[in-house]
Amino acid sequence: MELVFVTNNPGKFKEIDNLLGDKFRLKSLKDLNFNDNIPETCPTIEENATAKAFYIYNRLSVDCFADDTGLEVEALNNEPGVFSARYAELDGAKIFASRQEVTKANIEKLLKMLEDKHSRKARFRTVISLVLGGEESLFEGVVDGEIINEVRGNEGFGYDPVFVPIGYNRTFAEMNLDEKNRISHRAIAFRKLVEYLNQLHL
Ligand code: IMP
């Protein structure tokens with residue numbers, strides 16, 4: 001069965017392709033020559049995942065799934081959440097030259113916002129929207145942890161250098177990819193998706 005992963009991120013594509021059995025032929029947007037910039041402007045992580053999956057389903061009529069992730073910080077009313085990728089940009093018309101600059105500014109803002117807060121509790125949350133024949137199923141993956149007050153480690157991306165998962169004393173950025181992938185929010189949500197797909201009688 002052919003299934004489209006609505007992503008432009010080759011790393012994510014490879015990760016899930018490795019998890020899926022022979023029953024599924026995973027296609028990327030690139031494989032379909034689909035180059036639209038898919039809007040990610042919904043107010044919640046769930047709605048963003050749903051909107052991305054249906055954006056493709058409604059145009060191409062293909063079975064597909066899309067994911068969306070956010071960092072939810074307890075003392076900040078679960079912000080940056082759906083705005084995680086552009087947290088620093090929300091403050092005004094700042095122009096960042098590179099993704100690294102955006103990431104650095106996002107982390108600086110997060111640490112500043114937490115300066116006078118007692119709780120450092122946070123969680124990463126991934127939601128996947130799967131659309132098969134127009135019917136949607138949602139899968140969630142959560143990893144709880146805390147935001148430390150310094151930047152540690154060079155692996156990973158995004159907020160990894162300030163996030164320490166519960167039960168560990170290293171940040172996600174101090175773990176290699178295999179180790180992070182065993183426990184991460186995205187891995188948990190993807191495993192639920194794969195389990196669901198594998199039990200379908202196709
Ligand atoms: P996306 O929905 O996977 O594109 O994630 C949105 C944003 O959340 C990213 O741009 C990152 O800022 C943040 N994020 C998502 N997953 C991770 C992760 O595993 N580590 C650190 N930051 C992440």
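First listed ligand is number 1; within each ligand, the first listed atom is number 1. Worth saying up front: this structure is predicted, and the values here are computed from it rather than measured.
Atom OH in Y55 sits 13.5 Å away from atom CG in N48 (nearest 0.5 Å). F65 contributes atom CZ, which lies 13.5 Å from atom CG of L138 (distance to the nearest 0.5 angstrom). Note that CG of N176 and CZ of R182 are 7.5 Å apart. Values are rounded to the nearest 0.5 Å.
Contact annotation: the side chain of L130 approaches that of L197 to within less than 4.5 Å [non-hydrogen atoms, C-beta and beyond].
Under the side chain to side chain donor-acceptor pair (under 3.5 Å) test applied with K12, the options T69, D67, D17 reduce to a single match, D67.
A side-chain donor-acceptor contact under 3.5 Å links R120 to the backbone of I147.
The atoms of ligand 1 that sit less than 4.0 Å from any heavy atom of G158 are 21 (C), 22 (N). Listed by number with element, the atoms of ligand 1 under 4.0 Å from a non-hydrogen atom of K12 are 1 (P), 3 (O), 4 (O). For ligand 1 and D160, the ligand atoms under 4.0 Å from any heavy atom of the residue are 18 (C), 19 (O), 20 (N), 21 (C). Under a 4.0 Å criterion applied to the non-hydrogen atoms of H185, ligand 1 contributes the atoms 16 (N), 17 (C), 18 (C), 19 (O).
The closest protein non-hydrogen atom to atom 10 (O) of ligand 1 is A85 CB, 3.3 Å. The protein heavy atom nearest to atom 15 (C) of ligand 1 is T69 CG2, 3.3 Å.
Ligand 1 lies less than 4.0 angstrom from a heavy atom belonging to K180. Ligand 1 lies nowhere less than 4.0 angstrom from a heavy atom belonging to F172. A heavy-atom separation below 4.0 Å is found between R186 and ligand 1. Not a single heavy atom of L71 sits closer than 4.0 Å to an atom of ligand 1.
Using a 4.0 Å cut-off between heavy atoms, F124 contacts ligand 1 through its side chain alone, with no backbone atom that close.
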Apply side chain to side chain donor-acceptor pair (under 3.5 Å) to residues S28 and D31 and explain how you reach the verdict. CA-CA 5 Å; S28 67; D31 292 331; 3.3 Å; yes
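Contact record, L29 with I38: CD1-CD1, 3.9 Å, taken as the closest heavy-atom pair.
Residue nearest to atom 8 (O) of ligand 1, selected from G81, S84, G156: S84 (by heavy-atom distance). Around atom 17 (C) of ligand 1, the closest heavy atom drawn from Y87, F163, F83, F157 belongs to F157.
Residue Y159 has at least one N or O atom closer than 3.5 Å to an N or O atom of ligand 1.
Here the two rings, on F190 and F5, have centers that are under 6.0 Å apart.
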